[in-house]
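One-based numbering along the sequence shown.
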Amino acid sequence: MKRLADKVAIITGGARGIGLATATLFAAEGAHVVIWDINEALGYAVVRNLIDEGGSASFQLVNTTQMEKVLLAALHVRDTYGHIDILINNAGITRDASLLKMSPSHWHQVIDVNLTGVFHCTQSVASYMVEQGFGRIISASSVVGIDGNYGQTNYVASKAGVIGMTKVWAKELGPKGITVNAIAPGFIATDMIGSIPEKVIQSVMARTPLGRFGSPEDVANAYLFLASDEASFINGAVLRVDGGISL
């Protein structure tokens, strides 16, 4: 029996990186995957590949910072499939700069996507999950949301905020049969790594007991566990997927 058989899973930012790895894994585990992303061409290409591989998938062009569009997209998913079982709040961006150099636009861009977007998506699907008495909501935080990081005031604030919202929602929605958890990835080998200077990369490697960056699949496996029945009594948790860098 596949671990997500007949479940409907929305994955934001599912067209690339960690989101793509998660969509691929969830489809292989029997879920119908709904990708929400702003890259239409890439999103449809991912869906075609998942279907070609025997999975079930669809794409919606969704900017998670726009509440009205998120609400309409969630309604469409519910009306099409009859239920929404899993929400993976994965979409995120970085706009790094030190405090004295960070522009207001870079602050707002990151907060809008990484924090407000998570609020929009969760609020839009939570009512449907409450109606059915079941749901799994998992959001992407980060180890820097716990530990802080130089040059990432906006990103750290957004990821710390995700942890706070996760704990509130776990208390509010737990009695309704919905678990709410977060993952806190460390340094993962995605496109974001390309902007990191080589000396910083080497420093991260040296501080990570496993001696490598994580892969998108490492994070996708954590999402899968928290979305599965095996995690039915895990609620309000923040799971670090960081290779031990925090030790």
Side-chain angles (χ1 to χ4, degrees), residues 1-64 69-70 73-93 117-118 121 124-125 128-129 132 134-140 179 181-183 185-194 212-232 239 241 243:
M1 183 71 173
K2 294 184 176 181
R3 296 166 78 184
L4 301 181
D6 302 320
K7 295 291 193 294
V8 174
I10 296 171
I11 301 173
T12 71
R16 61 171 54 187
I18 292 170
L20 172 58
T22 304
T24 302
L25 181 60
F26 278 30
E29 287 290 345
H32 177 84
V33 171
V34 182
I35 292 174
W36 286 0
D37 206 287
I38 60 173
N39 191 322
E40 189 170 14
L42 196 56
Y44 277 116
V46 169
V47 166
R48 286 194 297 270
N49 288 338
L50 293 179
I51 293 173
D52 288 344
E53 293 171 1
S56 177
S58 59
F59 173 78
Q60 289 176 289
L61 181 64
V62 179
N63 183 334
T64 61
K69 293 186 177 180
V70 173
L75 177 62
H76 177 77
V77 175
R78 198 284 305 268
D79 287 350
T80 300
Y81 303 106
H83 51 103
I84 301 173
D85 304 295
I86 300 164
L87 171 64
I88 304 296
N89 285 309
N90 174 76
I93 63 171
V118 171
C121 293
S124 73
V125 306
Y128 303 129
M129 292 180 173
Q132 66 199 26
F134 175 86
R136 298 280 188 267
I137 298 169
I138 305 115
S139 302
T179 65
N181 294 291
I183 60 164
F187 288 83
I188 309 298
T190 65
D191 292 344
M192 287 186 181
I193 294 298
R212 65 172 177 88
F213 285 145
S215 70
E217 290 73 20
D218 289 324
V219 182
N221 284 325
Y223 277 139
L224 174 62
F225 169 64
L226 291 173
S228 71
D229 290 342
E230 290 100 320
S232 63
L239 176 59
V241 186

Query - Non-hydrogen atoms of Ile35 and Ala23 that approach each other most closely - result: CD1-CB, 4.2 Å

Report task. Rounded to the nearest 0.5 Å, what's the gap from CG on Asn89 to OG1 on Thr64? Could you check? Result -> 8.5 Å

Query - Greater than 12 external heavy atoms within 6.0 Å of Ile38's CD1 - result: no

**Report entry** Closest non-hydrogen atom pair between Leu50 and Ala57, with its separation
**Finding:** CD1-CB, 3.8 Å

Report task. Identify the heavy atoms of Val46 and Gly14 that sit nearest to each other, and give their distance. Result -> CG1-O, 4.3 Å

Query - Donor-acceptor contact present, side-chain Glu53 to main-chain Gly55, <3.5 Å - result: no

Report task. Show the numbers, then the answer: is there a side chain to side chain contact (heavy atoms under 4.5 Å, CB included) between Asp85 and His32? Result -> CA-CA 10 Å; Asp85 304 295; His32 177 84; over 6 Å; no

Report summary line: Residues Leu4 and Ser228: closest non-hydrogen pair is CD2-CA, 4.2 Å

Query - Any donor-acceptor N/O pair, Asn181 side chain to Ile138 backbone, under 3.5 Å - result: no

Requested in this report: Decide whether a cation-pi geometry holds between Lys7 and Phe26; the criteria are a distance under 6.0 Å from NZ or CZ to the six-membered ring centre and an angle within 45° of the ring axis.
Outcome: no

Report summary line: In this structure, CG of Leu75 is separated from OH of Tyr128 (nearest 0.5 Å) by 4.0 Å

Query raised in the report: Tell me, do Cys121 and Ile10 make a side-chain contact under 4.5 Å, heavy atoms counted?
Result: no

Query - Side-chain heavy-atom pair Asn221, Leu25 within 4.5 angstrom cut-off - result: yes

Query - For Ala222 against Ile183, the heavy-atom pair lying closest together - result: CB-CG2, 4.1 Å

Query raised in the report: For Arg3, does the CZ atom sit with more than 12 other heavy atoms under 6.0 Å from it, leaving out its own atoms?
Result: yes

**Report entry** Positive for side-chain contact (heavy atoms from CB on, under 4.5 Å) with Val77, one of Leu87, Ile84, Val125
**Finding:** Ile84

Report task. Check whether any side-chain N or O of Asp37 sits under 3.5 Å from a backbone N or O of Ala15 as a donor-acceptor pair, and report yes or no. Result -> yes

Query - Inter-residue atom distance Tyr81.OH - Ser56.OG, 0.5 Å rounding - result: 6.0 Å

Report task. Output yes when a side-chain donor or acceptor of Glu217 lies under 3.5 Å from a complementary backbone atom of Ala21, and no otherwise. Result -> no

Query - Between CD1 on residue Ile88 and CD1 on residue Ile18, distance to nearest 0.5 Å - result: 12.0 Å

Query - Glu29 CD to Thr24 OG1 distance, which is reported to the nearest 0.5 Å - result: 12.0 Å

**Report entry** Whether Asp218 side chain and Ser215 backbone form a donor-acceptor pair below 3.5 Å
**Finding:** yes

**Report entry** Min side-chain heavy-atom separation Ser232-Thr179 under 4.5 Å
**Finding:** no

Query raised in the report: Quick one: does Thr12's side chain have a donor or acceptor within less than 3.5 Å of a partner on Asn90's backbone?
Result: yes

**Report entry** Tyr223: ring pair (Phe, Tyr, Trp, His ring centres under 6.0 Å) partners, not counting sequence neighbours
**Finding:** none

Query - Residues which pass side-chain hydrogen bond (donor to acceptor under 3.5 Å, both in side chains) with Gln60, listed by chain and number, not counting sequence neighbours - result: Trp36

Report task. List in chain and number order the residues that pass ring pair (Phe, Tyr, Trp, His ring centres under 6.0 Å) with Phe225, two or more places apart in sequence or in another chain; answer none if no residue qualifies. Result -> none

**Report entry** Distance, nearest 0.5 Å, that separates CD1 of Ile86 from CD1 of Ile137
**Finding:** 11.0 Å

Query raised in the report: What heavy-atom pair brings Asp6 and His83 nearest, and what distance separates the two atoms?
Result: O-CE1, 3.3 Å

